[in-house]
Q: 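If you scroll down you'll find the structure; I have some questions about it.
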Amino acid sequence: MKGFLLALFGIVAGQLFTGQINTKNFLYGRKSDAGQPFVDANGVRRLKKENTLYFSPERVQLLMFTLSAAFYYLTQVMNNPNPGTLPDVPNSWTATMGGSNAIYLGGKALARFWPRDDAAKGNIS
Amino acid sequence: MNTESLIAGFFTCDLNTLVCVIGYVLCGLIGLIGIAILWLIYDGTIDLSRLISEPNGDASMSRFQFLVFTFVISLSLFLVIVAGKEGENKPSFPDSIPAGILTLLGISGSSYAVGKAIQFSDPAGVEDRPIAVTVSPATATVKYGQKQQFTAEVTRQPGANVKWEIIAGPPAPLDAKIDATGLLIAPAGPSMPPAPHATVKVSLVDDPSISDLAVVTFFTA
């Protein structure tokens, strides 16, 4: 079982690092502005074909806290003074992960409900 | 319990032995399933390429977090079971799962669910982006007699074969040429009447309707 878990972990980690598992735009979010007008490089007003990508600090902080929490918990298990029991997660870490996820979801919601100018859509080809 | 006593107990229908044997058989079956899963992943039948992808093709942070926590907690649980309780010399399940771990899993799961709800409220968030080809550069200025390399990026089908062609430009014999690798060779000199522009088109071999254009402007020194 341990071998299976470690092999599966190794496969997933290896494929993440080699790019076989898609990590495109992993640290980027998308603003819901598809169909909104913009001026292209030739000065022509067009409508955006898809949502705009933006570098997402909320994703970066969630990634950092997730990896930190995972690493911290594994070290707790490795150095567990009470074998046969699962070490508990300190309340500070639980609160931190809750806050981190709340920030991530807040940023995602803000990007989703980005102010739109739907009135402009009908005036541009 | 050694093998001889297992076999002897099995044929005498000793209950403890039967339970033990059934346990070993189940372990063997689960082990075979695990090996089969690993093999199917290795040969590509189980495709992990979109393991943490959202429907629109972007990688999902909430899925990644779920993946990390699942691995960490399952590995931790296994290590604790194998270690066994203090003073005992056999594997055993822990008496309880700490509330903090359950809370952490709940936070991760809730974040994933709420993230999906936000994403699904926008149709673009659930539609798979169509296969598209993008030529680079989109515009180029090339001196007569020089060369310009164009590249094509095919989203959602990276290994697709593409076809390069010039669909508009100076007439022969002073026409621009492009090879199968996207290398454009500008005319040796300006044509008469002047036609200093050419349009490069790249399209998918399997679906010519998926294409992109680039505009080239030729100039003399």
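Just so it is clear: chains get the letters A, B, ... in the order the sequence lines come, proteins before strands, and each one is counted from 1.
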Q: Which bit of A:Val89 comes within less than 4.5 Å of chain B, counting heavy atoms only: side chain, backbone, both or neither?
A: both

Q: On a heavy-atom basis, which atom in A:Asn101 and which in B:Ser111 lie closest, and how many Å separate them?
A: OD1-OG, 2.8 Å

Q: Ignoring hydrogens and angles, state whether a donor on the side chain of A:Asn22 or B:Ser53 is under 3.5 Å from an acceptor on the partner side chain.
A: yes

Q: Which pair of non-hydrogen atoms, one from B:Leu38 and one from A:Ala7, has the smallest distance, and what is that distance?
A: CD1-CB, 3.7 Å

Q: Quick one: what part of A:Thr94 sits under 4.5 Å from any heavy atom of chain B, side chain, backbone, both or neither?
A: both

Q: Can you tell which of A:Ile11, A:Ile21, A:Val12 has the highest number of heavy-atom pairs within less than 4.5 Å of chain B?
A: A:Ile21

Q: Could you report the tightest heavy-atom contact between A:Ala69 and B:Phe69, atom names first, then the distance?
A: CB-CE2, 4.5 Å

Q: Most heavy-atom pairs under 4.5 angstrom with chain B, which of A:Met78, A:Gln76, A:Gln15?
A: A:Gln15

Q: Are there residues of residues 59-66 of chain A whose heavy atoms fall under 4.5 Å of chain B's heavy atoms? If so, which?
A: A:Arg59, A:Leu62, A:Leu63, A:Thr66

Q: Which region of B:Val68, side chain (C-beta onward) or backbone (N, CA, C, O), has a non-hydrogen atom less than 4.5 Å from a non-hydrogen atom of chain A, or is it both or neither?
A: side chain

Q: Nearest 0.5 Å, please: how far is CG in B:Asp47 from CD in A:Gln20?
A: 9.5 Å

Q: Nearest heavy-atom pair of A:Lys108 and B:Ile118: which atoms, and what distance?
A: O-CG2, 3.9 Å

Q: One thing to verify: whether B:Asp58 and A:Lys24 come together as a salt bridge, which I'm taking to mean a side-chain N less than 4.0 angstrom from a carboxylate O.
A: no

Q: Where on B:Ile73 is there a heavy atom nearer than 4.5 Å to chain A: the side chain, the backbone, both, or neither?
A: neither

Q: Could you give the distance from OH (A:Tyr104) to CE (B:Met61), rounded to the nearest 0.5 Å?
A: 7.0 Å

Q: Quick check on B:Phe64 against chain A: is it the side chain, the backbone, both or neither that has a heavy atom closer than 4.5 Å?
A: side chain

Q: Check whether B:Ala99 gets within reach of chain A through its side chain, its backbone, both or neither, counting any heavy atom under 4.5 Å.
A: backbone

